[in-house]
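Counting starts at 1 for both ligands and their atoms, in listed order. Keep in mind that what you see is a predicted model, and the values were worked out from it rather than measured.
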Amino acid sequence: MLTARIAVLASGGGTNLQALIDSQGRVLTHGKISLVIADKPGLQSELRARACGIAAAVIPRREEGFEEKVLQALEKYKIDFLVLAGFLGILSKDFIQRFPGPIINIHPSLIPSFCGKGFYGLRVHQAALDYGVKVTGATVHYVNEVPDGGQILLQKAVEVRAGDTAESLQSRVLREAEWKLLPQAAEIVSAQVVREKEEKL
Ligand code: GRF
């Protein structure tokens with residue numbers, strides 16, 4: 001059966017990556033994670049990939065030629081689309097134009113709230129608490145050159161509870177929203193990629 005070849009770019013613990021790995025053959029049936037790129041050595045994300053027999057590459061984000069090396073790896077592994085899962089960098093317009101496939105990202109708020117430059121990780125949830133919102137959540141969106149600016153693909157709301165800290169809120173948003181949305185979004189994009197491959201046969 002035709003499948004979409006997926007690469008995941010990660011900067012952190014990789015819990016979203018793990019949710020994606022675990023969804024293969026279940027929610028994610030038209031796509032296969034074929035490469036994980038960790039943007040610094042020693043990340044849990046890399047270990048999670050290797051533990052499941054998925055090819056993993058370490059391409060330090062802060063080194064010269066990061067984007068070029070990523071593009072070369074994506075071509076080498078014949079990647080159809082790229083998932084940013086806990087990736088903390090901002091990809092350039094040049095990168096986005098040179099990579100032929102879709103790029104999606106998961107952000108831990110209901111965009112357009114609490115997003116854009118400087119909103120990442122716990123800072124997003126602290127901003128939601130500081131504002132006093134009663135509902136937050138997560139968003140999967142297509143990536144363009146504007147940080148968190150691309151077309152929204154999926155969203156899921158999560159309640160904010162009295163006494164929440166940024167940590168407790170992050171944990172609930174991960175569990176109730178992110179780990180569900182990312183596999184669903186990857187399946188939507190994979191099915192589209194497979195349809196396009198079939199049309200070319
Ligand atoms: C998550 O909140 C994700 O939304 C954000 O980075 C955090 C860590 O993700 N982009 P992970 O555990 O590394 O997947």
Side-chain angles (χ1 to χ4, degrees), residues 6-24 27-28 31 33 35-52 54 56-61 70 81-91 102-131 133 135-144 146-150 152-161 164-186 189:
I6 305 168
V8 180
L9 186 48
S11 302
T15 64
N16 278 297
L17 165 65
Q18 193 62 56
L20 214 43
I21 290 170
D22 297 344
S23 75
Q24 292 182 114
V27 172
L28 178 58
I33 304 168
L35 174 64
V36 170
I37 298 174
D39 73 354
K40 50 181 174 290
L43 285 181
Q44 269 287 87
S45 308
E46 179 192 356
L47 304 179
R48 290 177 191 274
R50 295 194 192 287
C52 304
I54 297 171
V58 178
I59 304 179
R61 178 158 53 96
V70 171
F81 75 93
L82 178 59
V83 176
L84 308 185
F87 176 61
L88 295 177
I90 301 292
L91 296 170
I103 306 172
I104 62 174
N105 177 53
I106 184 152
H107 181 75
S109 76
L110 296 176
I111 290 175
S113 298
F114 315 118
C115 67
K117 199 165 171 51
F119 283 100
Y120 56 87
L122 282 173
R123 293 178 177 209
V124 176
H125 303 293
Q126 192 55 58
L129 292 172
D130 294 347
Y131 199 100
V133 295
V135 174
T136 186
T139 302
V140 181
H141 62 93
Y142 287 100
V143 171
N144 62 18
V146 176
D148 299 328
I152 288 175
L153 185 53
L154 293 176
Q155 292 191 304
K156 185 166 177 29
V158 173
E159 67 168 344
V160 179
R161 291 183 186 154
D164 261 333
T165 61
E167 287 77 6
S168 66
L169 189 51
Q170 178 178 56
S171 172
R172 188 174 314 116
V173 170
L174 278 165
R175 270 195 331 274
E176 295 183 9
E178 297 184 51
W179 297 343
K180 293 179 179 173
L181 285 185
L182 198 55
Q184 291 167 4
V189 180

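With respect to atom 4 (O) of ligand 1, the closest heavy atom belonging to the protein is E178 OE1, 2.4 Å. The protein heavy-atom contact nearest to atom 12 (O) of ligand 1 is T15 OG1, 2.6 Å.
Of all atoms in ligand 1, listed by their number and element, those nearer than 4.0 Å to a heavy atom of G14 are 11 (P), 12 (O), 13 (O), 14 (O). Close approach of ligand 1 to P108 (heavy-atom distance below 4.0 Å) involves ligand atoms 2 (O), 4 (O). Ligand-side atoms of ligand 1 in range of G86: 5 (C), 6 (O), 9 (O), 10 (N), range being under 4.0 angstrom from any heavy atom.
The shortest heavy-atom contact between K156 and L181 is N-CD1, 3.6 Å. When all heavy atoms are compared, the tightest approach of A186 to F81 is O-CZ, 3.6 Å. Scanning all heavy atoms of the two residues, the minimum distance from V124 to F119 falls at CG2-C, 3.5 Å.
Ligand 1 is never approached by G121 to a heavy-atom distance shorter than 4.0 Å. In this structure, A10 does not count as a contact residue of ligand 1, since none of its heavy atoms falls inside 4.0 Å of the ligand.
Ion pair K180/E178 not flagged as a salt bridge, since none of the NZ, NE, NH1 or NH2 atoms sits closer than 4.0 Å to an Asp/Glu carboxylate oxygen. A salt bridge between R172 and D164 is present, with a side-chain N of the basic residue lying under 4.0 Å from a carboxylate O of the acidic one.
Nearest-residue assignment for atom 7 (C) of ligand 1 (options Q170, Q44, H125; heavy-atom criterion): Q170. For atom 14 (O) of ligand 1, the nearest non-hydrogen atom from the set L84, N16, L174 belongs to N16.
Separating the OG atom in S45 from the CG atom in N16 is a distance of 9.5 Å, to the nearest 0.5 Å.
H107 and S109 are linked by a side-chain donor-acceptor pair at a separation below 3.5 angstrom, with hydrogens and angles left out of the test.
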